[in-house]
Amino acid sequence: MDKQDSKQIFSDAKGWSRDLEKEIQKRLDNLELSNFDVKIAKPFFGIDTPPPYPSGRPWHLGAAAQYSQIDAIARSERMLGKGVLFPIGMDRNGLPVERYTEKKYDIRMRETEREKFIELCRGALDDLQSEMVEILKAIGFSADFKNMYRTDSDEYRALTQATFIKHWKDEMIYRGNRPTNYCVECGTTIADAEIEYKELPTKLAYFTFQVKGSKDTITIASTRPELLGACRAIIANPEDTRYKSLIGKRAIVPIYKTEVDILGHSSAKPEFGSGAVMVCSYGDYNDVLLFKELGLDEKIIINENGRLTDAAGKLAGLTVNSGRKEILRLLQEDGSLEKVQEISHRTPTCDRSKSPVEIIPMDEYYMKIKDLKDKVAEIIDGLNFIPEQHKQILLNWMKVAADWPISRRRFYGTEIPLWYCKKCNEAYVPQPGRYYRPWKENPPSETVCKKCKSTEFYGDTRTFDTWMDSSVSSLFVTKYLNDANFHSKTYPLTIRAQGVDIVRTWLFYSIVRCFELTKTPPWSNVWIGGMGLDEHGEKMSKSKGNGVDPMLIIERYGSDAFRFWAASEASPGSNFLFSEQRIMGAQKFLTKLWNVAKFIKEFGDYGMTEKPKKLLPADKWILEELSSAVKDSLKGYTAFNFFVPSNRLREFTWNIFAPHYIEMVKARAYGKDFSKEEKLSAIYALNQTLRTILLLLAPICPFITESIWTSLYSEESIHKMRFPSSITGFEEMAKYSNIIIEFNTKVWREKRSRGVSLRDSISLDIPTDLEIFEKDLRAMHNLK
RNA sequence: GAGCCCAUGGUCUAGUGGUUAUGACGUCUCCCUUACACGGAGAAGGCCGGGAGUUCGAAUCUCUCUGGGCUCACCA
């Protein structure tokens with residue numbers, strides 16, 4: 001936008017709006033603020049930006065608010081004189097797009113040719129990605145879009161694989177056949193971190209086992225009767241008088257007629273159900289522990305399609321749910337079923353598909369976590385968390401974190417770069433540096449099995465958990481293994497910024513992985529944003545239908561109003577409640593600022609930068625008040641806290657500058673009954689104050705500040721300026737603030753009580769405290 | 001069951017040993033005043049969740065109770 005245009009807008013527009021913003025957006029898009037050059041000698045500031053998953057509209061309003069805050073980190077650091085590396089990538093691996101693609105084309109992944117399915121996913125992502133970029137640009141996100149990376153690019157996947165290969169060689173990875181969390185709907189193993197517990201209604205069935213060699217029976221209660229065929233023991237609490245005499249005997253499993261031991265074990269709680277429990281492979285995590293502890297033989301009764309196996313006898317082939325109905329019918333027929341109780345049960349579900357998780361023994365790759373706990377806890381302790389208290393979330397998770405299953409039985413992900421010898425099954429690990437696809441490629445030519453010298457291999461068909469990719473984002477953006485010079489100058493980064501919802505995944509895995517690879521924590525600061533909730537404080541979600549499309553809000557009130565709202569609504573780390581009314585409030589403030597600028601612009605180019613020889617007391621006073629706002633705002637920015645500057649600047653502008661100072665000097669600025677020298681002093685202070693407010697507000701409201709700035713002060717963008725330092729020399733004026741405000745209020749109240757208009761003249765004495773402002777105050781209130 | 005966090009006018013929120021307890025939104029009344037009616041001025045509205053303690057002095061520190069939120073664990 002050139003100066004002519006902005007003047008046009010100024011004279012016409014009554015307030016700030018989205019339409020004005022769109023004009024500025026074009027200009028800002030071309031600024032290339034995010035250009036980063038390691039050769040330029042500025043203090044380095046690197047941001048590990050969360051790569052958003054392109055999920056299409058509506059994007060989560062809380063996420064949009066959070067990204068606008070992350071953008072404010074980048075903008076404020078630029079204005080603090082740093083060389084800011086502000087990368088942006090798209091997280092494009094994993095389940096969400098696979099599920100989206102299945103739905104969109106009405107196909108099933110496993111019934112589709114792998115190559116074809118991958119193509120469809122990629123196409124879907126490309127569409128969703130361009131929409132995501134549009135949204136990011138609309139909220140004023142100033143990251144390096146020119147070098148936008150994708151976690152599914154050959155280059156990125158080569159890095160994920162290279163880091164895996166290093167972990168493999170360092171013996172950080174092992175392969176194990178262990179009962180793991182398995183989501184039938186997604187058809188893959190999932191990690192503990194991906195489990196979400198939900199209270200779901202379920203049936204608790206009570207049924208009897210015949211005690212061998214006696215007429216006694218023992219009743220057990222189970223929510224998983226369909227696992228009866230995999231029952232290997234019954235346990236009861238050794239203190240439980242009802243069952244004491246039965247411990248050590250054997251019981252006959254109804255329907256299946258197999259025999260199992262009745263054992264004493266403290267994990268059976270007498271007060272729950274019947275007090276006796278059947279132990280099956282595997283109903284829950286406790287069963288896993290008991291099988292291990294009691295040395296029981298597992299019987300695989302559920303397969304990876306979620307159907308009961310031959311081990312289930314008559315139930316073979318049924319799904320878990322229909323198997324449950326059928327076994328209850330059979331038990332009823334058999335006379336073993338005592339009763340069925342409706343209960344609410346905390347059920348582990350998959351956080352992607354929301355369906356119940358089964359525990360099935362699967363052959364998977366694991367990354368060792370348990371051995372690292374102490375070291376990782378130490379690293380976490382050394383990081384600066386914003387807010388400090390959120391460090392605890394991660395430390396708590398650390399205490400229970402188990403080894404991380406990293407392999408997934410899915411198609412759209414980074415392939416596990418391993419082949420196995422067809423003869424002796426020895427693993428072959430390729431050289432790092434290239435992107436490998438073992439499911440469709442042979443290993444590099446001339447590969448010979450180091451054990452048996454065979455040249456025949458088969459590739460692993462699995463992919464990685466997507467967190468394997470995103471947990472090395474800080475390495476990718478610093479060109480690890482790719483540009484040693486760049487990496488050494490940019491790693492570790494300065495700050496990780498992210499939401500509280502992915503602390504135990506992205507944050508935790510990033511620390512573990514990057515530290516293992518580089519022996520250095522990937523950043524020194526961790527900024528954790530709170531969650532955006534609906535107006536009643538409930539989580540926004542598509543299923544609840546309480547989500548709000550941030551683009552609609554931005555179209556209605558503008559991006560700056562949205563960003564100002566996000567900044568001023570809550571301290572960093574606190575959750576914030578959506579409120580359209582409060583976003584309107586933010587827009588009102590921008591309109592106020594706009595009108596202040598319109599007023600000041602009237603005086604043209606006088607004395608805007610050149611300090612007049614003599615400043616009048618009122619002008620010194622406002623500069624002192626301004627100075628205090630500068631100090632507070634800068635303190636907020638250096639702590640990555642935008643709540644402080646946004647509220648401080650709103651308060652200063654709206655409650656001090658506009659009603660008191662501007663009113664005080666209005667007559668002088670117009671030059672009515674004042675000398676030219678006095679007039680220039682006012683105009684200087686007015687401009688100085690506005691300039692400073694604009695500079696300090698620019699990281700939070702990049703559009704309106706750019707618009708006013710380029711219209712009044714410079715051809716050069718405000719976003720290439722430095723923050724002002726606080727003004728000194730007027731400290732003694734601070735004492736007048738309260739008395740000025742009190743006096744003005746007193747006059748206004750007086751006029752009101754006399755029923756005269758504000759411009760009417762009354763006679764009133766100026767207090768001696770305020771004598772130095774007498775001329776301004778008389779003019780302001782029209783005092784005789 | 002354990003840990004962490006929170007409790008301030010109708011609503012949201014600032015405040016970390018001394019303030020007349022901050023601001024926003026909302027409410028009520030008056031006012032077109034050469035930036036702004038998308039505005040201005042004024043007003044009402046709070047025993048800072050309850051109780052006990054430390055202190056000359058507590059919204060602020062300690063204990064305790066109550067009520068919320070989050071996380072983890074157990075639940076056959």
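Note on naming: letters A, B, ... go to the chains in the order of the sequence lines (proteins, then strands), and numbering restarts at 1 for each one. Quantities reported herein were computed from a predicted structural model and do not represent experimental measurements. Hydrogens, waters and symmetry mates play no part in the numbers below; they use all other heavy atoms, side chains included.
- Residue-level contact check: Ser571(A) touches the backbone only, with heavy atoms under 4.0 Å from sugar-phosphate atoms and none from bases.
- Aromatic pair Trp527(A)/Phe385(A): ring centres not closer than 6.0 Å.
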Kindly determine whether Phe576(A) and Trp565(A) satisfy ring-ring contact (aromatic ring centres under 6.0 Å, His included), including the steps that lead there. CA-CA 10 Å; Phe576(A) 46 93; Trp565(A) 167 76; 5.8 Å; yes
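- Arg648(A) has its CZ atom 13 Å from the P atom of A24(B), to the nearest Å.
- Under a 3.5 Å cut-off, the side chain of His345(A) and the backbone N or O of Thr347(A) do not form any donor-acceptor pair.
- Among the heavy atoms of the strands, none lies under 4.0 Å from Phe589(A).
- Counting any heavy atom pair closer than 4.0 Å across all strands shown, Phe576(A) reaches no nucleic acid atom.
- Between the CD1 atom of Ile656(A) and the P atom of G23(B) there is a distance of 10 Å, rounded to whole Å.
- Between Trp397(A) and His390(A), the ring center distance fails the sub-6.0 Å criterion.
- Base engagement by Gly275(A) is indicated by at least one non-hydrogen atom pair under 4.0 Å involving a base atom.
- In this structure, Asp284(A) reaches the sugar-phosphate backbone alone: every heavy-atom distance under 4.0 Å involves primed, P, OP1 or OP2 atoms, never a base.
- No contact: Asp287(A) has no heavy atom under 4.0 Å from any strand.
- Atom P of nucleotide U13(B) and atom CD of Glu651(A) are separated by 18 Å, given to the nearest angstrom.
- Protein atom NZ of Lys672(A) is 14 Å distant from nucleotide atom P of U33(B), rounded to whole Å.
- Residue Asn575(A) places none of its side-chain N or O atoms closer than 4.0 Å to OP1 or OP2 of C70(B).
- Inter-residue side-chain proximity for Thr692(A) and Thr689(A) is flagged as unmet; no heavy-atom pair is nearer than 4.5 Å.
- Nucleic acid contact for Lys269(A): base, since at least one base atom lies under 4.0 Å from a heavy atom of the residue.
- Expressed to the nearest 0.5 Å, how far NZ of Lys391(A) lies from CG of Asn396(A) amounts to 13.0 Å.
- Between Gln392(A) and Ile662(A), the residue anchored closer to the 5' end of RNA chain B is Gln392(A), taking for each the nucleotide with the nearest heavy atom.
- Within the 4.0 Å cut-off from OP1 or OP2 of A76(B), not a single side-chain nitrogen or oxygen of Ser267(A) is found.
- When rounded to the nearest whole Å, the span between CG of Asp632(A) and P of A14(B) equals 16 Å.
- A straight line from CD of Gln581(A) to P of U27(B) spans 8 Å, rounded to a whole angstrom.
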Can you give me the N/O atom pairs linking the protein to nucleotides 6-12 of chain B at distances under 3.5 Å, or say none if there are none?
unit_1: C12(B); atom_1: O2; unit_2: Arg582(A); atom_2: NH2; d: 3.1

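- Just one of Lys746(A), Arg752(A), Arg754(A) meets the salt bridge (Lys or Arg N to Asp or Glu O under 4.0 Å) condition when paired with Glu750(A); it is Arg754(A).
- Nucleic acid contact class of Ala276(A) (heavy atoms, under 4.0 Å, all strands): base.
- Here C31(B) presents its P atom at 18 Å from CZ of Arg754(A), a figure rounded to the nearest Å.
- Spacing of C1' atoms, A59(B) relative to G49(B), comes out at 12 Å, to the nearest Å.
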Could you summarise the pairing of RNA chain B as dot-bracket text, marking Watson-Crick and G-U pairs under 3.5 Å with ( ) or [ ] inside the strand and | across strands? ((((((((.[[[..)..(....]]].(((((.......))))).....[[[[[..)....]]]]])))))))....
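- Rounded to an integer number of Å, the gap from CG of Asn655(A) to C1' of G23(B) is 7 Å.
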What string of B, S and - do you get for nucleotides 36-44 of chain B, 5' to 3', when a contact is any protein heavy atom under 4.0 Å? BSBSSBSS-
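- Geometric assessment of Arg232(A) against the ring of Phe291(A) yields a negative cation-pi assignment under the 6.0 Å and 45° thresholds.
- The cationic atom of Lys679(A) (NZ for Lys, CZ for Arg) does not lie both less than 6.0 Å from the six-membered ring centre of Phe674(A) and within 45° of the ring axis.
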